[in-house]
Protein chains: 2
Amino acid sequence: MNIGEVAAQTGLPAKTIRYYEDIGLITPKREANGYRVFARTDAHKLAFLARARALGFSIEDCRNLLALWEDRSRASADVRAIANEHLSEIEEKITGLTAMRDTLSELVRDCAGDNRPDCPILKGLEGA
Amino acid sequence: MNIGEVAAQTGLPAKTIRYYEDIGLITPKREANGYRVFARTDAHKLAFLARARALGFSIEDCRNLLALWEDRSRASADVRAIANEHLSEIEEKITGLTAMRDTLSELVRDCAGDNRPDCPILKGLEGA
DNA sequence: CTTGACCTTCCCATGACTGGAACCCTTATG
DNA sequence: CATAAGGGTTCCAGTCATGGGAAGGTCAAG
């Protein structure tokens, strides 16, 4: 399989796949002409990576998850620890964004949004 | 006012304040010795920027908001448009993160998290 | 006179890509 | 047989909003 095909299969851009090789997440073989050859296991790894990234795991988390995935004698506790850690980061982000949204939507609600210069949004940004 | 004082006042790191000067958000004067001198208006601008950044506005949004803030003949509609645009970006992010959280917490919930290798989280990442 | 706390500029690094240039390989067509 | 299209390759630079750290100038206190 060439890079284009595996890109189409996994939904990852070819550029990203090359990058993943660069940082050592995958190690596809090469043909005589220099082209990368992706074995089925490479494609599986990339699909795994695509899903993990879609769930917001960092590249380093992905590296660790991939290692656990390939380790037949892993402990599911190790996987769970990574996932749980990530889960609380996500929840923190949601909390922060929700606070932003609430503040901002109040300001927007109070703003007439017309031709006049008077603007509660700017007043809100100006000072407490 | 020197940079340290205005940093303490606004809560912005000195590095960030220098960066804001670099990209033209503020233009503090200089003393004979080369030190930046922050007038009260500079400090106000920085406080404004700190609040806008805390609400997640991009630097470019901040630049535009700052221009509107200083324009006595602005239309509040212009401010509102920027804020509304940003608001929907925030809401998109919240939606995406919430979806991640839901998927991930399901996987975590189903994972025993013990010494055994069997792991629903990895299975979930492996394929649909 | 020296110490320590400021301040300055400059360059490099982050995360996870993305864009683009310049070039090679393969196949189909005029 | 030349060429054009559509793969592939490497390498370099840019993104966003800073942060780290080096190398050095300035200033007030002891």
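Every chain is numbered from 1 and lettered A, B, ... according to where its sequence line falls, protein lines coming before strand lines.
Residues of residues 85-96 of chain B having a heavy atom closer than 4.0 Å to DNA chain C: none are found.
Pairs engaging residues 32-86 of chain B under the ring pair (Phe, Tyr, Trp, His ring centres under 6.0 Å) rule: F48(B)-W69(B), F57(B)-H86(B) [sequence neighbours left out]. For residues 70-89 of chain B, every residue pair satisfying the salt bridge (charged side-chain N to carboxylate O under 4.0 Å, His left out) rule, not counting sequence neighbours, is listed here: K45(B)-E70(B).
For R116(B), the salt bridge (charged side-chain N to carboxylate O under 4.0 Å, His left out) partners two or more places apart in sequence, or in a different chain, are D114(B). Here E60(B) pairs with R63(B) under the salt bridge (charged side-chain N to carboxylate O under 4.0 Å, His left out) rule; sequence neighbours left out. Residues passing the side-chain contact (heavy atoms from CB on, under 4.5 Å) test with A14(A), sequence neighbours excluded: I3(A), R18(A). Annotation: side-chain contact (heavy atoms from CB on, under 4.5 Å) contacts of R30(B) (sequence neighbours excluded): E21(B), R36(B). For A99(A), the side-chain contact (heavy atoms from CB on, under 4.5 Å) criterion is met by no residue, not counting sequence neighbours. The salt bridge (charged side-chain N to carboxylate O under 4.0 Å, His left out) search around D110(A) returns none, not counting sequence neighbours.
Counting only heavy atoms from C-beta outward, the side chains of I26(A) and I17(A) approach each other to under 4.5 Å.
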(Q) Generate the contact string for nucleotides 6-17 of chain D. Rules: B means base contact, S means sugar-phosphate contact only, - means no protein heavy atom under 4.0 Å. (A) -BSBBB-----B
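Heavy atoms only, all atoms of each residue included: L104(B) and A83(A) are closest at CD2-O, 4.1 Å. Counting all heavy atoms, side chain and backbone alike, D118(A) lies closest to S76(B) at O-CB, 3.4 Å.
Rounded to 10 degrees, the angle separating the terminal helix axes of the helix from dC1(C)-dG30(D) to dG30(C)-dC1(D), each built from five base pairs, is 40°.
The line from OH of Y20(B) to CG of L66(B) is 11.0 Å long, rounded to the nearest 0.5 Å.
In 5' to 3' order, the nucleotides of DNA chain C bounding all contacts with chain A (an atom under 4.0 Å from a heavy atom) are dA16(C) to dT26(C).
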